[in-house]
S.K.: 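Below is one structure. I have some questions about it.
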Amino acid sequence: MTSMKDRMLAGEPYIADEPEIIADLDRAARLMHRFNTSPPDDPQGRLAALRELLGELGEDTWIRPPFHCDYGGNIRIGPRSFVNYQAVFLDVAAITIGADVQIGPNVQLLTPTHPVEPEPRRAKWESARPITLADNVWLGGGVVVLAGVTVGENTVVGAGAVVTRDLPPNVVAVGNPARPVRRLD
């Protein structure tokens, strides 16, 4: 029999009530607390908490607290990237962030999805789809990226945009839903 955690990791519908899933959430909560409450004059302690929390943290990458996620282990961030204050990365599915990515304050990367139909939603079924930010992407403050989205290399997403579908490389995208308004050369 397939566990709910296996179903979750496979992107299939699951219910998040299994002890293994709850233990993973609790582990992440402890590490986020350690990171978010670490003294500002202890950058090495802060970095150690992030390295333990995240699946991968590239060299010279920095995240400013507070930072919030579901599991942490499903997040991979490439080198030289920056994540500003109040980031929320719901990593039920993989969140992959390339090199040299800039993420503004209050950005949300949301991999979970829920059924539109009321009965399965009431029964607490959910699933998730991965999010990918390619190299050198810049997400302005307050951007929300929804499940299953890929943002192409060098793309800039304007502050407050809601990204509901893939964005190609080398564009500036704005709005809700976000749409390309200019090509970058």
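All values reported here derive from a predicted model rather than from experimental measurement.
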S.K.: Minimum heavy-atom separation for Gly98 and Asp135, please, with both atom names.
M.R.: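 Nearest pair, atom of Gly98 first, then Asp135: CA-OD1, 3.3 Å.
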S.K.: In plain terms, say whether Arg80 and Asp100 are close enough for a salt bridge, that is, a side-chain N and a carboxylate O under 4.0 Å apart.
M.R.: yes
S.K.: Nearest 0.5 angstrom please: Ser3 OG to Glu20 CD, how far?
M.R.: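 Result: 6.0 Å between the selected atoms.
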S.K.: Considering the options Leu53, Leu50, Asn84, which one meets the side-chain contact (heavy atoms from CB on, under 4.5 Å) requirement together with Ile63?
M.R.: Leu50
S.K.: Can you find a pair of side-chain heavy atoms, one from Asp60 and one from Pro79, that are under 4.5 Å apart?
M.R.: no
S.K.: Is the closest side-chain heavy-atom distance between Leu54 and Phe67 below 4.5 Å?
M.R.: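 The answer is yes, as the side chains (C-beta and beyond) meet within the 4.5 Å cut-off.
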S.K.: Is it true that Leu57 and Ile131 fall in one hydrophobic cluster, defined by side-chain heavy atoms closer than 4.5 Å?
M.R.: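 Per the 4.5 Å side-chain linkage, Leu57 and Ile131 are co-clustered.
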S.K.: Looking at side-chain heavy atoms only, is the closest gap between Asn74 and Ile95 below 4.5 Å?
M.R.: no
S.K.: Would you give the length of the straight line joining atom CH2 of Trp125 to atom CD of Glu12, rounded to the nearest 0.5 angstrom?
M.R.: 10.0 Å
S.K.: For Arg51, does the CZ atom have more than 12 heavy-atom neighbours from other residues, nucleotides or ligands under 6.0 Å away?
M.R.: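 Atom CZ in Arg51 is packed in, count exceeds 12.
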S.K.: Could you check Thr96 against Thr132 for side chain to side chain donor-acceptor pair (under 3.5 Å), going step by step and ending with a plain yes or no?
M.R.: CA-CA 5 Å; Thr96 306; Thr132 301; 4.6 Å; no
S.K.: Go through the structure and list residues passing side-chain contact (heavy atoms from CB on, under 4.5 Å) with Glu117, not counting sequence neighbours.
M.R.: Pro115, Pro120
S.K.: Would one find more than 12 heavy atoms of other residues, nucleotides or ligands at under 6.0 Å from atom CZ of Arg182?
M.R.: no
S.K.: To the nearest 0.5 Å, tell me how far His33 NE2 sits from Ser38 OG.
M.R.: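 One finds 10.0 Å between NE2 of His33 and OG of Ser38.
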S.K.: For Val116, does its backbone N or O pair with a side-chain atom of Arg121 as donor and acceptor, under 3.5 Å?
M.R.: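 Yes, because the side chain of Arg121 sits within donor-acceptor range (under 3.5 Å) of the backbone of Val116.
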S.K.: With hydrophobic residues grouped by side-chain heavy-atom distances under 4.5 Å, do Phe89 and Met32 end up in a single group?
M.R.: yes
S.K.: I would like to know whether Val163 and Leu139 meet side chain to side chain contact (heavy atoms under 4.5 Å, CB included); could you show each step before the answer?
M.R.: CA-CA 10 Å; Val163 186; Leu139 302 181; 5.6 Å; no
S.K.: Just verifying a value: how many Å separate Gln86 CD and Arg64 CZ, rounded to the nearest 0.5 Å?
M.R.: 12.5 Å
S.K.: Treating Ile, Leu, Val, Met, Phe, Trp and Tyr as nodes and any side-chain heavy-atom pair under 4.5 angstrom as an edge, say whether Leu47 and Val83 lie in one connected cluster.
M.R.: yes
S.K.: Do you know which two heavy atoms are closest between Pro177 and Thr164, and how far apart they sit?
M.R.: CB-OG1, 3.4 Å
S.K.: Group every Ile, Leu, Val, Met, Phe, Trp and Tyr by side-chain heavy-atom contacts under 4.5 Å, then state whether Val92 and Ile15 land in the same group.
M.R.: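 As far as the 4.5 Å side-chain criterion goes, Ile15 and Val92 are connected within one cluster.
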S.K.: List the steps, then state whether side chain to side chain contact (heavy atoms under 4.5 Å, CB included) holds for Ile103 with Ile97.
M.R.: CA-CA 10 Å; Ile103 296 178; Ile97 298 171; 4.0 Å; yes
S.K.: Share the residues that join Trp62 in a hydrophobic cluster, the rule being Ile, Leu, Val, Met, Phe, Trp or Tyr side chains under 4.5 Å apart at the heavy-atom level.
M.R.: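 Trp62 shares its hydrophobic cluster with Phe82.
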S.K.: Does the side chain of Leu109 come within less than 4.5 Å of Ile75's, by heavy atoms?
M.R.: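 No, too far: nothing below the 4.5 Å cut-off.
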S.K.: Working to the nearest 0.5 Å, report the span between CE of Met8 and OG1 of Thr111.
M.R.: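 Met8 atom CE to Thr111 atom OG1 measures 8.5 Å (nearest 0.5 Å).
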S.K.: Quick one: does Arg76's side chain have a donor or acceptor within less than 3.5 Å of a partner on Gly73's backbone?
M.R.: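 Pair found, side chain donor or acceptor close to backbone of Gly73.
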S.K.: Side-chain contact test, heavy atoms from C-beta onward, threshold under 4.5 Å: evaluate it for Glu52 versus Arg34 and give yes or no.
M.R.: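 A side-chain contact exists here, since the closest heavy-atom pair is under 4.5 Å.
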S.K.: In Å and rounded to the nearest 0.5 Å, what is the CD1 to CG distance from Ile21 to Leu9?
M.R.: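 Nearest 0.5 Å value for the CD1-CG distance: 8.0 Å.
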S.K.: Identify the heavy atoms of Val107 and Gly104 that sit nearest to each other, and give their distance.
M.R.: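 Residues Val107 and Gly104, closest heavy atoms: CG2-O, 3.2 Å.
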S.K.: Considering all heavy atoms of both residues, which atom of Thr113 and which atom of Ala128 are nearest to each other, and what is their separation?
M.R.: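 Closest approach of Thr113 to Ala128, heavy atoms only: OG1-N, 4.0 Å.
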S.K.: Write down the atom of Arg27, the atom of Tyr71, and the distance for their closest heavy-atom approach.
M.R.: NH1-O, 3.8 Å
S.K.: Please say yes or no: joined through hydrophobic side-chain contacts below 4.5 Å, possibly via intermediate residues, are Trp138 and Val174 part of one cluster?
M.R.: yes
S.K.: Only distances under 3.5 Å count here; give the side-chain donor-acceptor pairs of residues 141-162 to other protein atoms, sequence neighbours excluded, each with its distance to 0.1 Å.
M.R.:
{"unit_1": "Asn154", "atom_1": "OD1", "unit_2": "Asn136", "atom_2": "ND2", "d": "2.9"}
{"unit_1": "Asn154", "atom_1": "ND2", "unit_2": "Asn170", "atom_2": "OD1", "d": "2.9"}
{"unit_1": "Thr155", "atom_1": "OG1", "unit_2": "Gly152", "atom_2": "O", "d": "3.3"}
{"unit_1": "Thr155", "atom_1": "OG1", "unit_2": "Pro168", "atom_2": "O", "d": "2.5"}
{"unit_1": "Thr155", "atom_1": "OG1", "unit_2": "Asn170", "atom_2": "N", "d": "3.2"}
{"unit_1": "Thr155", "atom_1": "OG1", "unit_2": "Val171", "atom_2": "N", "d": "3.4"}

S.K.: Give me the atom names and distance for the closest heavy-atom approach of Asp91 to Cys69.
M.R.: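 Asp91 and Cys69 have their closest heavy atoms at OD1-CB, 3.8 Å.
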S.K.: Of Lys5, Lys124, Arg7, Glu126, which meets side-chain hydrogen bond (donor to acceptor under 3.5 Å, both in side chains) against Tyr14?
M.R.: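 Option passing the side-chain hydrogen bond (donor to acceptor under 3.5 Å, both in side chains) with Tyr14: Glu126.
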